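Basis for what follows: all heavy atoms, side chains included, without hydrogens, waters or symmetry-related copies. Keep in mind it's a predicted model, so treat the numbers as computed, not measured.
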Amino acid sequence: MKTLVQTTRHHAEHRPDHPAVRCEGRTLSYGDLHRESNRVAHAVQAAGLTPGDRVAYLGKESEHYYEILFGCAKSGTVLVPVNWRLTAPEVSHILQDSGTRLLFLEDEFATVVDKMPTAPPETIVALGESYADWKAAHPATELPQSATPDTPVAQLYTSGTTGLPKGVVLAHRSFFAIRDALAREELDWIDWRTGDIALIGIPGFHIGGLWWATQNLNAGTTVVALRAFAARRAVDLIRDLGITTACVVPAMLRMMLTEPGVTAEDFTTLRKTVYGGSPISEALLEESLAVLDCEFAQIYGLTETGNTAVCLPPAAHVPGSPLMQAAGRPYPGVRTKVIDDEGRALPPGTVGEVCLATPAHMVEYWGLPEKTAETLVDGWIHTGDAGYVDEDGYLFIRDRIKDAILVAGENVYPAEIENVLEAHPGVAEAVVVGAPDERWGEYVHAFVVPDPGQRPSPRDLHTFLVPRLAGFKLPARYEFIDSVPRNPSGKILRRELRDRFWSDSARKVN
């Protein structure tokens, strides 16, 4: 299999009755997934969309999400999963920027669309009875299609240093390249077995969730979709459904381990846990290894790299080993290099910007050729992360060059928050940094220079931001200062402010 179009066809032929997706007591077999995604493809085409058009999904996880994903692949359209935690202006930007023509919408987010400052897409399909009726009117046969591994199939939005999220366009190959590389070399760093039952802990609007789901569906396993992550619910599903593999961010591990009443007995069926999205503390990793008592694999990558490009395999997870601080080593066919400010490759052990060359890399930033050219250079993704590679090829991440803040695995960029903060009449200037947080990895800390004539309170600022920014982007703390530190050329010394919180840490990410 080389495209998602082939995935459901293959499994419908070989294991039609095997459960593909389970969600809240409902089960969709591989035969069902194939037929229902065929209906979606026909319905999308009947709605007037053509290959390359954008189709958005604004809703929580469900079996419908996967029907729509494969339906888009079969119709040649591109799925745009929208983060349901975003506010109306943020959702509006994504729908407008992508040129979405068809929106699948869950009822609980209808008010978000109603509040958008721009007109909604020309066609909206409500998820529920309307959706069932909408697709039922169309045949379950396959459409003729010409998808290749390089055909775009998904467009995920990631926040950017300019303050507006960018659409990362991914082709079918992004969801096959790493798995194929592992299979060629017969490596079991991460493996998928047809008898597996896989928990999708990361939402499908995030590359980690979408990648993990497609890997399991490509392999013919059973995917268990959480509507939204809740620690108690996740633990119960692992125990009651006999879940064998899971993909989570470190904050999710911490929440499950600290959930009252949870014991090692709840995790006896787990054979492998894949984690990533943010660095993990050694203490949390050691506790997770002891309680879950299964293999662990850490993954590192970006939306721009099609998710994982580097892996710390299970064999390297030895408490006390220096490798416990590593992000991992590249998969077969993936290359790493570390460069200085002039773009020159640095020797092992020297910190610089991490660059990754992977066959799963993005096609482009949608509509942003200059930004694409800055990030994707001669096949190399410039990550914006600072790190080094040791003599054995292991990558260690030490800091961030592009100022991103990682809140429970979500990238939050200061510029976006600063732009909104400075729209408040009582704010003369604002600088946002990430500070270490035991539960979430990092929290957003806002330094605010108040306007001389109107000094807002933290409550005032919070109230102002709530309708304008998603909850995970909101500052947890505000600190009022007289002026922002700058260098002689006027550039903000953001690192000087950030280092107050990280002076005792060797690694400037958490």
Side-chain angles (χ1 to χ4, degrees), residues 3-13 16-82 84 95 98-114 119-147 151-155 172 204-205 213-214 217 223 225 227:
T3 70
L4 295 179
V5 173
Q6 297 166 314
T7 296
T8 64
R9 179 194 305 146
H10 175 84
H11 295 311
E13 291 174 357
D17 298 323
H18 191 78
V21 183
R22 289 180 176 173
C23 184
E24 300 202 324
R26 301 180 302 274
T27 300
L28 191 73
S29 71
Y30 274 101
D32 294 333
L33 180 59
H34 183 57
R35 288 186 293 271
E36 297 308 307
S37 58
N38 286 343
R39 294 186 194 278
V40 170
H42 279 282
V44 166
Q45 187 181 71
L49 278 73
T50 58
D53 284 340
R54 266 51 182 174
V55 175
Y57 179 96
L58 178 54
K60 295 182 179 177
E61 304 303 292
S62 74
E63 65 276 21
H64 305 317
Y65 176 72
Y66 301 103
E67 293 175 359
I68 292 165
L69 167 65
F70 287 101
C72 286
K74 293 173 179 182
S75 66
T77 55
V78 177
L79 179 64
V80 181
V82 182
W84 48 263
L95 297 182
S98 62
T100 289
R101 295 188 55 201
L102 170 62
L103 169 65
F104 291 97
L105 178 66
E106 282 196 348
D107 287 346
E108 67 177 288
F109 304 110
T111 55
V112 174
V113 174
D114 290 341
E122 57 197 72
T123 304
I124 297 178
V125 177
L127 291 169
E129 289 185 11
S130 297
Y131 167 72
D133 293 341
W134 176 81
K135 64 175 179 170
H138 299 277
T141 56
E142 284 193 63
L143 277 174
Q145 57 78 37
S146 57
T151 300
V153 70
Q155 184 166 316
H172 289 266
F205 58 73
T214 56
L217 293 170
V223 164
R227 290 275 292 151

### Task
Begin from the C-alpha positions of H172 and T3 and carry the test side-chain hydrogen bond (donor to acceptor under 3.5 Å, both in side chains) through to its verdict.
CA-CA 5 Å; H172 289 266; T3 70; 4.6 Å; no
### Task
Determine, stepwise, if the pair Y131 / H64 fulfils ring pair (Phe, Tyr, Trp, His ring centres under 6.0 Å).
CA-CA 9 Å; Y131 167 72; H64 305 317; 4.9 Å; yes
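Neither side chain, T111 nor D114, offers a donor N or O lying under 3.5 Å from an acceptor on the other. Between T50 and D53, the side chains place a donor N or O and an acceptor N or O closer than 3.5 Å (distance only, hydrogens not considered).
Salt bridge absent: R227 and E61 never bring a charged side-chain N and a carboxylate O closer than 4.0 Å. With salt bridges taken as basic N to acidic carboxylate O contacts below 4.0 Å, one links E142 and R9. Ion pairing between a basic and an acidic side chain is recognised when a charged N comes within 4.0 Å of a carboxylate O; E63 and R22 show no such pairing.
Taking 4.5 Å as the limit, some side-chain heavy atom of L79 sits within range of a side-chain heavy atom of I68. Two residues are said to be in side-chain contact when any heavy atoms from C-beta on lie closer than 4.5 Å; W134 and F104 meet this criterion. Residues L127 and L105 form no side-chain contact, since every pair of their non-hydrogen atoms from C-beta on lies 4.5 Å or further apart. Counting only heavy atoms from C-beta outward, the side chains of L102 and V125 approach each other to under 4.5 Å. Side-chain contact check for Y66 versus T214: every heavy-atom pair is 4.5 Å or farther apart. Side chains of L33 and E67 form a contact here, defined as non-hydrogen atoms less than 4.5 Å apart. Counting only heavy atoms from C-beta outward, the side chains of T77 and R54 never approach each other to under 4.5 Å. Side-chain contact between T123 and L103 is absent, with no heavy atoms from C-beta onward closer than 4.5 Å.
Between the side chain of R101 and the backbone N or O of G48 there is at least one donor-acceptor pair closer than 3.5 Å. With E106 contributing its side chain and K60 its backbone, the two residues share a donor-acceptor pair below 3.5 Å. Checking side-chain atoms of K74 against main-chain N and O of H34 turns up a donor-acceptor pair under 3.5 Å.
Below 30°, between 30° and 60°, or above 60°: for Y30 and H11 the angle between ring planes is between 30° and 60°, a tilted geometry.
Taken to the nearest 0.5 Å, the OG1 atom of T27 stands 11.0 Å off from the NE2 atom of H18. Taking OG of S75 as the start and NE2 of H42 as the end, the distance is 10.5 Å to the nearest 0.5 Å. Taking OG1 of T100 as the reference point, atom CG of L49 lies at 9.5 Å (rounded to 0.5 Å). Summarising the geometry, atom NZ belonging to K135 is positioned 11.0 Å from atom CZ belonging to R35; distances are rounded to the nearest 0.5 Å.
Outside the 6.0 Å centre-distance limit, the rings of Y57 and W84 are not counted as a close aromatic pair.
Across all their heavy atoms, N38 and A140 have their closest contact at ND2-O, 2.9 Å. Summarising the geometry of L95 relative to S98, their closest heavy-atom pair is O-OG, 3.3 Å, with the distance given to 0.1 Å. Minimum interatomic distance between V153 and A73 (heavy atoms only, all atoms of both residues): CG2-CB, 3.8 Å. Here the closest non-hydrogen pair linking F109 and G59 is CE1-CA, 3.8 Å. Residues A20 and L217 come closest through the heavy atom pair O-CD2, 3.7 Å. Counting all heavy atoms, side chain and backbone alike, S146 lies closest to T151 at O-OG1, 4.4 Å.
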